[in-house]
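The next block holds one structure in the form of structure tokens; read it before the comments.
All heavy atoms count here, side chains included; hydrogens, waters and symmetry mates do not. Here is the naming used below: chain letters follow the sequence lines, and residue numbers restart at 1 for every chain. Keep in mind that this is a model prediction, so the values were computed, not measured.
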Protein chains: 2
Amino acid sequence: MALSFNPHISVDCVVFGFDDTEGLKILLINRDEWDNQKTTRLKLPGNLIIMKEHLKQSANRVLQELTGIKDIYLKQFGVFDNPGRLMNGDDIAWLRKKTNIYVERVITVAFYSLVKLGQYLETELSRAYNATWYKVNEVPGLIFDHNDILSNGLEAMRKEFLTEPLCFELLPKKFTMNQLQHLSEAILGFNLDNRNFRKRINRLGYIMPLNEHQRGVSHKPARYYMFDRKKFDNRKKEYTGFII
Amino acid sequence: MALSFNPHISVDCVVFGFDDTEGLKILLINRDEWDNQKTTRLKLPGNLIIMKEHLKQSANRVLQELTGIKDIYLKQFGVFDNPGRLMNGDDIAWLRKKTNIYVERVITVAFYSLVKLGQYLETELSRAYNATWYKVNEVPGLIFDHNDILSNGLEAMRKEFLTEPLCFELLPKKFTMNQLQHLSEAILGFNLDNRNFRKRINRLGYIMPLNEHQRGVSHKPARYYMFDRKKFDNRKKEYTGFII
DNA sequence: CCAAAAGTGTTTCGTATACACCCATGT
DNA sequence: ACATGGGTGTATACGAAACACTTTTGG
């Protein structure tokens, strides 16, 4: 097993989740304790690739091994290659111990991924995998250059959000207009006018209203909408933003 | 020399140049003839990285070695990692011969770069380096997955052009409004209305008119403009396109 | 009947688009 | 004087932004 790793190349994943009340979150895992050291530090889910693997395969495998998450949207957004990026001696020692490989310089290919947060509950993740969701602006110090990778991933995701229909990866199949708006606000980092938002979305033509409403809520039940990917793909492609 | 290469990782560069009359071009190099085979095929400038090099350093080094071009804008846009990407037996044999390394699977990190074409003339490049400019839509078959890398690079560059001030890397310091428009059209792939274009550019506030005009042209001499990067950086960042 | 979130219209302003002719220079 | 590319103005339409109240449900 250890022998089939490629000691030069790794993958790391910035996993975004969205929760209607908690906003945008990121999944971090605790580096295992080792030897007699009790230093538990946080990191992005990631690992060395296996020799003949596609990078996306690697990212999928690593995510499943480390968090149980599988079959999610994955997008390569950059390579982190600073020859000194694994500089912390303690972190390197941990990595060598963990992989049984004399790792020296590792280039990492970074992916961001989007998951519907409800499917991967806090308790389950932390019990089985030692993984936890953190709010994007409450992320503590991570090992290696993982804070750097994370902020680059956030920026890349924000940029793509403007032109690609990413947000439906973070929402349930049927969603309300306000869910879409709150997600957009969480990603953009500022608030949008509700009336203007609805007008714009309705004009797009590929976010379809359903004849179906929320049930059992103690306020006016919201209408559900669905994303019509065919209509999106067939729209006359203009050089305009996706949401704003 | 050969021993210091990293046999797992390479860089490849999609080098764009712009010429007022010829439009958008791409720099390709002839794979050297070798042994008794006369198969000269085209490729992107690229090579394996050296062990402790930054990837951007590698790209710069490779470009200088293969084309003499140095100190230009370089932007990482993707990693090409298909385990079978070096499938052609002839191409692999050539690569092994050329590098003296038993290369198996190579992951390549791709950069696109932008140069002012006038500085690197056809004749000089082909005489000293066996490199030639090709129009973007007249590119022949390349080795490995280089056509794929090229088209991805073109798409990435087009996308970034919309939000980043890339075009000034392709223009002389002082340029005319029509040069800017023709470049924009070459990148976008469609034509723009000249009057509306001028209005938009003038409203931007960071493309400054000079009190200086063309000389010696047999028509009304055009005014020169310059890009003011400070004003660009200080502008209130809006979620709008850069040119359109 | 109260709390809570959903949903709705109008006005104002700025930018996008469409479109045709005169200008300055060299030969 | 003519050929060549440079440079200009106006009218219309559409989308962006600002802004406050009514509706529907469960408790």
Side-chain angles (χ1 to χ4, degrees), chain A residues 19-23 162-163 171-172 174-186 188 190-226 235-244, chain B residues 19-23 162-163 171-172 174-186 188 190-226 235-244:
Chain A
D19 175 307
D20 224 7
T21 56
E22 301 253 35
L162 296 174
T163 52
L171 288 172
K174 299 174 182 181
F175 51 86
T176 70
M177 195 64 94
N178 285 347
Q179 281 179 307
L180 181 59
Q181 183 181 341
H182 293 143
L183 172 57
S184 303
E185 290 171 339
L188 291 168
F190 55 83
N191 290 341
L192 301 166
D193 180 275
N194 179 253
R195 279 176 284 191
N196 295 334
F197 184 80
R198 284 167 187 270
K199 271 181 282 183
R200 201 164 38 233
I201 298 298
N202 284 326
R203 236 183 305 113
L204 293 178
Y206 45 80
I207 296 177
M208 315 306 288
L210 304 178
N211 278 326
E212 197 179 336
H213 295 75
Q214 287 179 322
R215 292 166 140 271
V217 289
S218 75
H219 54 77
K220 180 167 174 177
R223 179 184 289 273
Y224 285 117
Y225 291 77
M226 277 186 78
R235 108 216 103 114
K236 183 170 157 291
K237 282 183 183 73
E238 286 154 10
Y239 285 89
T240 57
F242 168 64
I243 290 283
I244 62 165
Chain B
D19 175 307
D20 225 6
T21 56
E22 300 255 35
L162 296 173
T163 52
L171 288 172
K174 298 173 183 181
F175 51 86
T176 70
M177 195 63 94
N178 283 347
Q179 280 180 308
L180 181 59
Q181 183 181 340
H182 293 143
L183 173 56
S184 304
E185 289 171 341
L188 291 168
F190 54 84
N191 291 340
L192 302 166
D193 180 276
N194 179 251
R195 281 177 284 194
N196 295 333
F197 184 79
R198 285 167 186 270
K199 273 182 283 183
R200 198 164 41 230
I201 298 298
N202 285 326
R203 234 184 304 112
L204 293 177
Y206 45 79
I207 295 177
M208 316 305 289
L210 304 179
N211 278 326
E212 198 181 333
H213 294 75
Q214 286 179 322
R215 290 165 141 270
V217 289
S218 73
H219 53 75
K220 179 168 175 177
R223 178 184 289 273
Y224 284 118
Y225 290 77
M226 276 186 77
R235 108 218 104 111
K236 183 169 156 294
K237 283 182 181 71
E238 285 154 10
Y239 285 89
T240 57
F242 168 63
I243 290 283
I244 62 164

From [atom1] of [X] over to [atom2] of [N], roughly how many Å is that when rounded to an integer?
| X | N | atom1 | atom2 | result |
| --- | --- | --- | --- | --- |
| B:Asp193 | C:dT15 | CG | P | 17 Å |
| B:Phe197 | C:dA16 | CZ | P | 13 Å |
| A:Gln179 | C:dA5 | CD | P | 13 Å |
| B:Leu192 | D:dG7 | CG | P | 17 Å |
| A:Asn202 | C:dG9 | CG | P | 12 Å |
| A:Lys220 | D:dT25 | NZ | C1' | 10 Å |
| A:His182 | C:dA5 | NE2 | P | 9 Å |
| A:Ile201 | D:dA17 | CD1 | P | 13 Å |

Nucleotide nearest [X] (side chain, heavy atoms from C-beta), chosen from [options]:
| X | options | answer |
| --- | --- | --- |
| B:Pro221 | D:dG6, C:dA24, D:dT23 | C:dA24 |
| A:Asn194 | D:dG7, C:dT8, D:dA17 | C:dT8 |
| B:His219 | C:dA5, C:dT25, D:dA16 | C:dT25 |

Checklist entry - Mapping A:Asn196 and B:Asn196 onto DNA chain C by nearest heavy atom, which one lands closer to the 5' end? => result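 The residue mapped nearer the 5' terminus is A:Asn196.
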Checklist entry - Going through the distances and angles, do B:Phe197 and B:Met177 end up as a side-chain contact (heavy atoms from CB on, under 4.5 Å)? => result CA-CA 9 Å; B:Phe197 184 79; B:Met177 195 63 94; 4.2 Å; yes
Item to check | Base of D:dT10 paired with side chain of B:Lys199 (donor-acceptor, under 3.5 Å) | outcome: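 Looking at the base of D:dT10, it does pair with a donor or acceptor on the side chain of B:Lys199 (distance under 3.5 Å).
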Next on the checklist: Quick check on DNA chain D: between A:Val217 and A:Arg195, whose nearest nucleotide comes earlier from the 5' end?
Outcome noted: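 The residue whose closest nucleotide sits nearer the 5' end is A:Arg195.
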Next on the checklist: Set out, in order, the CA-CA distance, both residues' side-chain angles and the distance that settles side-chain contact (heavy atoms from CB on, under 4.5 Å) for A:Tyr224 and A:Thr176, then state yes or no.
Outcome noted: CA-CA 5 Å; A:Tyr224 285 117; A:Thr176 70; 3.9 Å; yes
Checklist entry - Is A:Glu185 reaching over with its side chain to a backbone N or O of A:Leu192, donor-acceptor style, under 3.5 angstrom? => result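 Side chain of A:Glu185 to backbone of A:Leu192: a pair is present.
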Next on the checklist: Please classify the nucleic acid contact of B:Asn178 as base, sugar-phosphate, or nothing, using heavy-atom distances under 4.0 Å.
Outcome noted: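 Sugar-phosphate, backbone atoms only, no base.
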Checklist entry - If only side-chain N and O atoms of B:Arg198 are considered, is one of them under 4.0 Å from the OP1 or OP2 phosphate oxygen of D:dG7? => result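 So the side chain of B:Arg198 is within the cut-off, an N or O lying under 4.0 Å from OP1 or OP2 of D:dG7.
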Next on the checklist: Check the phosphate of D:dA16 against A:Arg203, side-chain N and O only, distance under 4.0 Å to OP1 or OP2. Yes or no?
Outcome noted: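 Yes, because at least one side-chain N or O of A:Arg203 sits under 4.0 Å from OP1 or OP2 of D:dA16.
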Checklist entry - Say you draw a straight line from NZ of A:Lys220 to NE2 of A:His213; how long is it, rounded to the nearest 0.5 Å? => result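 So the gap between those two atoms works out to 8.0 Å.
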Checklist entry - Strictly by modelled atom types, are A:Lys199 and A:Asn196 linked by a side-chain donor-acceptor pair under 3.5 Å? => result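 Result is yes, a qualifying pair exists.
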